[in-house]
Number of protein chains: 2
Amino acid sequence: MRLSKRGEYGLRAMIILAHAYKESPDTMVQIREISEQDKIPGKYLEQILLALKNAGMLQSRMGIGGGYYLARQPQDISLGQIVRVLDGPLAPIRCVSQMAYEACGCPDERTCGLRMVMGDVRNAIADILDNTSLENVIERMDIARAQLEN
Amino acid sequence: MRLSKRGEYGLRAMIILAHAYKESPDTMVQIREISEQDKIPGKYLEQILLALKNAGMLQSRMGIGGGYYLARQPQDISLGQIVRVLDGPLAPIRCVSQMAYEACGCPDERTCGLRMVMGDVRNAIADILDNTSLENVIERMDIARAQLEN
DNA sequence: ATAAAGTCTATTGATTCACTTGACTATTTA
DNA sequence: TAAATAGTCAAGTGAATCAATAGACTTTAT
């Protein structure tokens with residue numbers, strides 16, 4: 001049940017970009033900055049951000065003063081979308097996936113116990129990830145930081 | 001977020017074994033039978049059942065009339081236990097794992113947004129898998145089968 | 001003794017993961 | 001306008017993991 005490094009790096013990068021967006025929506029952030037801040041190999045991060053851009057979640061500008069920025073507002077980008085782009089379906093097994101259904105070998109899907117439980121798991125994961133936006137993440141971080149100051 | 005074939009095969013096998021247990025607790029089921037019923041490569045299944053036996057969930061007898069059977073009652077074996085034995089921790093990232101915690105590189109775990117969300121995901125998965133026993137699975141299958149007969 | 005079962009260890013081939021390399025393109029500014 | 005900066009794109013690589021396979025060995029019942 002694991003999130004890949006690719007997925008993890010992508011999520012961390014998007015959180016940084018969301019943070020920059022909150023300060024000013026047109027802030028450009030360079031790969032290099034994110035890479036240093038989160039200790040992510042730069043060239044690897046490059047591919048990840050590109051994938052996110054091709055999926056329509058990021059925009060970028062080349063050249064001096066260029067960089068990446070969110071294509072939509074942080075409240076309109078869910079962690080579920082990010083993970084699906086970088087790591088594929090959320091479902092533990094494909095016969096229970098919404099985005100990439102595939103039959104498993106069981107005699108009857110309607111009475112397959114494993115499928116029922118894994119369906120529940122998929123829904124639990126999707127409920128969290130699809131209903132958590134980058135905005136929500138930033139909020140939670142701010143609250144945690146504020147509480148630490150006491 | 002995927003369950004490996006190993007995990008899937010193991011769960012399917014345990015469900016069959018639980019079913020046999022319900023008919024009579026001392027029923028022996030051979031690897032071969034499970035392998036044919038669920039279309040699992042026999043030699044692979046062998047390793048999986050052995051791992052489950054070494055984890056104390058199964059018992060076995062060699063020789064003619066031998067086979068595998070549950071070491072505990074179906075209501076005392078959770079899917080969570082099975083998955084952990086075969087696939088390792090349920091947590092999407094290790095800094096949020098109960099059974100295999102490991103620090104990630106983030107500056108402060110207490111204010112890491114990703115960690116908070118992934119903690120929620122871990123708990124959601126564990127809540128389902130740790131609170132679903134083999135007995136529960138059998139019940140759901142029976143109910144589904146009964147409903148199909150109308 | 002023999003056949004039927006599980007046990008144990010090792011190996012394999014394919015795939016995936018986590019990068020790395022390097023050449024190319026667009027944009028700014030001196 | 002050329003030099004510097006930043007993203008784009010395609011390919012390759014080494015290690016690890018996955019999903020099996022192979023084969024010798026042990027235990028048990030008849």
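So that the names make sense, note that chain A is the first sequence line, chain B the second, and so on, each numbered from 1.
The stretch residues 97-124 of chain B participates, sequence neighbours left out, in no ring pair (Phe, Tyr, Trp, His ring centres under 6.0 Å) pair at all. Sorted by first and then second residue, the ring pair (Phe, Tyr, Trp, His ring centres under 6.0 Å) pairs involving residues 5-47 of chain A (not counting sequence neighbours) are A:Tyr9-A:Tyr44.
One atom, CD of A:Glu36, and another, P of D:dA6, lie 11 Å apart when rounded to the nearest Å. The separation between A:Ile48 atom CD1 and C:dT20 atom P is 12 Å, rounded to whole Å. A straight line from CE of A:Met28 to C1' of D:dA6 spans 11 Å, rounded to a whole angstrom. Rounded to whole Å, atom P of D:dG7 lies 10 Å from atom NZ of A:Lys43. Rounding to whole angstrom units, CG of residue B:Leu86 and P of D:dC18 are separated by 12 Å. In this structure, A:Glu33 atom CD and D:dT5 atom P are separated by 14 Å, rounded to whole Å.
Nearest heavy atoms, B:Cys104 versus A:Arg12: SG-NH2, 3.5 Å.
The nearest heavy atom of DNA chain C to B:Ile31 and to A:Gly42 marks one nucleotide each, and the one closer to the 5' end goes with B:Ile31.
Contact check for A:Arg2 versus B:Asp87: no side-chain heavy atoms found under the 4.5 Å cut-off. Contact of the A:Val137 side chain with the B:Leu114 side chain is not registered, since no non-hydrogen atoms from C-beta on lie closer than 4.5 Å. Side-chain contact between A:Leu11 and B:Val117: absent, with no pair of heavy atoms (C-beta onward) separated by less than 4.5 Å. By the 4.5 Å heavy-atom criterion applied to side chains, B:Leu134 and B:Leu70 are counted as neighbours.
Judged by distance alone, the side chain of A:Arg72 and the main-chain N or O of A:Ile77 form no donor-acceptor pair under 3.5 Å.
When the side chain to side chain donor-acceptor pair (under 3.5 Å) test is applied to A:Arg140, the partners found at least two apart in sequence or on another chain are B:Asp120.
Nucleic acid contact for A:Leu49: none, since no nucleic acid atom lies under 4.0 Å from a heavy atom of the residue.
Sorted by residue number, the members of residues 50-65 of chain A with any non-hydrogen atom under 4.0 Å from DNA chain D read A:Leu50, A:Lys53, A:Ser60, A:Arg61, A:Met62, A:Gly63, A:Ile64. Non-hydrogen atoms lying under 4.0 Å from DNA chain D are contributed by nothing in residues 11-21 of chain A.
Salt-bridge check for A:Arg84 with A:Asp130: passed, with a basic side-chain N closer than 4.0 Å to an acidic carboxylate O. A salt bridge does not link B:Glu149 with B:Arg145: every distance from a Lys NZ or Arg NE/NH1/NH2 to an Asp or Glu carboxylate oxygen is 4.0 Å or more.
For A:Glu46, the listed nucleotide lying nearest its side chain is C:dG22; candidates were D:dT21, C:dG22, C:dG6.
Taking 3.5 Å as the limit, the base of C:dT9 and the side chain of B:Gln47 contain no donor-acceptor pair of atoms between them.
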Could you run down nucleotides 11-18 of chain C 5' to 3' and tag each one B, S or - for protein heavy-atom contact under 4.0 Å? -------B
